Asks: 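I have a structure I would like to understand better, so I am pasting it below and will then ask my questions one at a time.
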2 protein chains.
Amino acid sequence: MMPSKYLRATGDLGVLIERATGQVKIVNHSNNTALSEIDGLGDLSHASIVFSRDERYAYVFGRDGGLTKVDLLTDKIAKRVIQSGNSIGGAISQDGKLVAVSNYTPGGVKIFNSETLELVAEIPASVLTAKPKNKDGSPVRSKVVGLVDAPGHKFVFSLFDSHEIWVADMSGPELKLTKHEDIGLFPYDALMSPDGRYYIAGLFGEDGMAMLDLWHPEKGVSRILKDYGKGDKKLPVYKMPHLEGWAMTQDFAFVPAVGQHKVLVVDLKTWQQVAEIDVHGQPIFVMAQPDNRQIWVNFAYPLNDTIEVYNTETFEQVKSLKPGPAVLHMEFTPRGENVWMSVRDNNEVQIYDTQTQELLSTMKAKSPSGIFFTSRAHQIGL
Amino acid sequence: MMPSKYLRATGDLGVLIERATGQVKIVNHSNNTALSEIDGLGDLSHASIVFSRDERYAYVFGRDGGLTKVDLLTDKIAKRVIQSGNSIGGAISQDGKLVAVSNYTPGGVKIFNSETLELVAEIPASVLTAKPKNKDGSPVRSKVVGLVDAPGHKFVFSLFDSHEIWVADMSGPELKLTKHEDIGLFPYDALMSPDGRYYIAGLFGEDGMAMLDLWHPEKGVSRILKDYGKGDKKLPVYKMPHLEGWAMTQDFAFVPAVGQHKVLVVDLKTWQQVAEIDVHGQPIFVMAQPDNRQIWVNFAYPLNDTIEVYNTETFEQVKSLKPGPAVLHMEFTPRGENVWMSVRDNNEVQIYDTQTQELLSTMKAKSPSGIFFTSRAHQIGL
């Protein structure tokens, strides 16, 4: 007989990043409680997380190149490796067997066995021949950003300095790499549509975005939203928006405008902008509820104490909230009844009812940033 | 220290219905194994399952009115009630706190606390005044079908005999019921779009379907696909298709035609039929992979030994498979790399790679029918 105190299901768990202290909290989003706190994860600025397909393990990608596998059943670090000098995120393969990490230094992607964290494959990024070599004599390689999983056991990522999008196909016995060159200047982040079809990279060096249709890779990378970007207005951009925060409903993508107090509405059939919504500040994350009924928007400093909620059909504002200083990230419960948000400088996480937009509960946390629920294990392209 | 033999995550579990013996099997879809078999679930013909939001419990709706809560961590029945004389399915609320069951006898919906299975609310269906009373003197009420959950803590269902669609709003302190009358003759099954917006009921008594846009309930129920149904051709219909098996991609719904060897392609913008695909037999389930790249179709007796796979963009056939006699149900792994199918009269479940359509593995099971994975806990409208 299994002692019941040991029993824990994993479908309603999550992990909060506590950036300042290199810790994470394991949380339960059925009863809005913290289950445990785990130390020793290193530099967690800009950290992100993916989950094993059984929703037992969280893979935490730290800025210092640390890849930490946290066991949500035992509240312990199961494994930890320092896999590079400077990393920016990661992804888990469709079958859950491989974890990939995108690195700045040295530039490239490393792929690990998700069970053991043993290195399975390494994909060095393009060499930047114009740059002087590293001190150890090795060539400087492009930074890698915007790494996501794709159907067919693929990983897709962008090369910031060499202006490329690469697709690594892991379905066969040998890694098969496809390179798309000259995709636009300095892709700095990317996102995948929820069905894993469209990979879209934001460009830091020019206006517009680069799109790869993974159903038709033979057509190459095309350019969309040619006016998207900083444009001629030269507004100060406090923070480039997170592309992962794009909201896609059945009809539209809701896109944070760069440096402007606007959310752009894009028709998914034509990839043309069809409307814009005036918002409180420079939007960072624009996130659709799982039922696509509303979008929730947070903003860049100094207007980052505010959240706005908009109707996805009328584009009208539903509510404006002031959760407190530095609202950094939001995460919806899987079927969308609640949304969690980290209010960093209040040292708390706030939990709202999405239907009434009322505060339901708060949870103490040390400088919380990212919030990640295990239901992500079942989603494509994160 | 928690003994590791007791540890089990729940994100990659599932439950198989073994209809003939009133049993279910708990399975793991990471390593394609059966973990346990559980007896005593009563009449499981046409049984269906929903999962608790933590993915620990399966709620099994049996034909005999049995509602059984199975614990996937202890491999035991946690609770079981006989809640009616004849039931047809159920749903779990957005927040996971309520389980609703739709009943034929007596006609109506019962709503239970998902924790305790205590009755929370009862919604008797419309009285059929033209019918003679039951032996106990009670009035005969309409059968209830097509029960699903909807965003905003709602349940939506159809009344077969009284031609209605009702919405039960459970978000307030009191149950709020909205009734849509004269929606079309004899709604026999229904489905919800993946975002929980459109509730669509099939009509047994006439051609066409009834659609309720839950974003605009004030507009009432409209009629779509007016030619959908048996039409004038009067072909023998071996089995009415399952509407839950509708596949919806970004652009199209793929709909099993009633009694014809066709899958209909419907534009989701206009709800007009735009194409039809000739298939092997009368389609029962038409299911889209999670990445929407292909649909998988099974067929009514006597052609139910076959599965066909079609491309959702070109509508061309990708593969025809002969898994064996009586392929009853399919279930995709959450990110769609594999599909499981029950081959009832071979007493086995077969597991295929969706990309190559190759058989990966088989599992023995006694007259398997429905296959349900815990990832359904995170989805709307099931």
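The sequence lines fix the lettering, A, B, ..., with proteins before strands; numbering per chain opens at 1. Just so you know, these numbers come straight off a predicted model, no measurement behind them.
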Asks: Does A:Asn311 form a side chain to side chain contact (heavy atoms under 4.5 Å, CB included) with B:Trp215? I'd like the steps, not just the answer.
Replies: CA-CA 11 Å; A:Asn311 181 306; B:Trp215 290 15; 5.9 Å; no

Asks: Top residue by heavy-atom pair count (under 4.5 Å) with chain B, among A:Gly152, A:Ala9, A:Pro290?
Replies: A:Ala9

Asks: Does a donor on one side chain sit under 3.5 Å from an acceptor on the other, for A:Gln355 and B:His153?
Replies: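 Their side chains do not contain a donor-acceptor pair, so the 3.5 Å distance test is not met.
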
Asks: Select, from A:Asp251, A:Thr374, A:Thr249, A:Asn28, the one with the greatest count of heavy-atom pairs under 4.5 Å involving chain B.
Replies: A:Asp251

Asks: Just how far is it from atom OH of B:Tyr198 to atom CD of A:Gln250, taken to the nearest 0.5 Å?
Replies: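 One gets 8.0 Å once the value is rounded to the nearest 0.5 Å.
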
Asks: Could you tell me whether B:Glu337 and A:Lys97 have a side-chain N and a carboxylate O separated by less than 4.0 Å?
Replies: no

Asks: What's the spacing between A:Asp54 CG and B:Asn31 CG if we round to 0.5 Å?
Replies: 9.5 Å

Asks: Please look at A:Asn338 and chain B and tell me whether the side chain, the backbone, both or neither of the residue comes under 4.5 angstrom of a heavy atom of that chain.
Replies: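 Nothing of A:Asn338, per the 4.5 Å heavy-atom cut-off to chain B.
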
Asks: Under a 4.5 Å heavy-atom cut-off, does chain B meet the side chain of A:Gln379, its backbone, both or neither?
Replies: backbone

Asks: Does NZ in A:Lys176 sit with more than 12 non-hydrogen atoms of other residues, nucleotides or ligands closer than 6.0 Å?
Replies: no

Asks: Once rounded to the nearest 0.5 Å, what's the spacing between atom OG1 of A:Thr333 and atom CG of B:Asp95?
Replies: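 Answer for the OG1-CG pair, A:Thr333 versus B:Asp95, is 9.0 Å.
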
Asks: Counting only heavy atoms not in A:Glu174, do more than 12 fall under 6.0 Å of its CD?
Replies: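 Counting neighbours around CD of A:Glu174, 12 or fewer heavy atoms of other residues, nucleotides or ligands fall under 6.0 Å, so no.
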
Asks: So for A:Leu13, is it side chain, backbone, both, or neither that comes closer than 4.5 Å to the heavy atoms of chain B?
Replies: neither

Asks: Look at atom CD of B:Gln317 and say whether more than 12 heavy atoms of other residues, nucleotides or ligands are closer to it than 6.0 Å.
Replies: yes

Asks: Who among B:Gln94, B:Glu55, B:His29 has the most heavy-atom pairs with chain A under 4.5 Å?
Replies: B:Gln94

Asks: Is atom CD of B:Glu313 surrounded by more than 12 heavy atoms (other residues, nucleotides or ligands) closer than 6.0 Å?
Replies: yes

Asks: Which bit of A:Leu214 is near chain B, if near means a heavy-atom gap under 4.5 Å: side chain, backbone, both or neither?
Replies: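 When you check distances to chain B, no heavy atom of A:Leu214 falls under 4.5 Å.
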
Asks: Report yes or no: does B:Arg53 contribute a side-chain atom to a donor-acceptor pair with the main-chain N or O of A:Arg335 at less than 3.5 Å?
Replies: no

Asks: Does any backbone or side-chain atom of A:Ser93 lie under 4.5 Å from a heavy atom of chain B? Answer side chain, backbone, both or neither.
Replies: backbone

Asks: Please report the interatomic distance CG(B:Asp12) to NE2(A:His378), rounded to the nearest 0.5 Å.
Replies: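 So the gap between those two atoms works out to 7.5 Å.
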
Asks: Given that the side chain runs from C-beta out, which part of A:Ser171 has a heavy atom under 4.5 Å from chain B: side chain, backbone, both or neither?
Replies: side chain

Asks: Using a strict threshold of under 4.0 Å (side-chain N to carboxylate O), is an ion pair present between B:Asp195 and A:Arg293?
Replies: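 No, A:Arg293 and B:Asp195 are not salt-bridged.
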
Asks: List the steps, then state whether side chain to side chain contact (heavy atoms under 4.5 Å, CB included) holds for A:Asp291 with B:Arg197.
Replies: CA-CA 7 Å; A:Asp291 68 356; B:Arg197 175 169 182 178; over 6 Å; no

Asks: By a 4.5 Å heavy-atom criterion (distance strictly below it), what part of B:Asp149 contacts chain A: side chain, backbone, both, or neither?
Replies: side chain

Asks: When only pairs under 4.5 Å are counted, which of A:Gly381, A:Ser52, A:Gly196, A:Pro151 shares the most heavy-atom pairs with chain B?
Replies: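 Most pairs with chain B among the choices: A:Pro151.
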
Asks: Roughly how far apart are B:Arg8 CZ and A:Thr10 OG1, rounded to 0.5 Å?
Replies: 11.5 Å

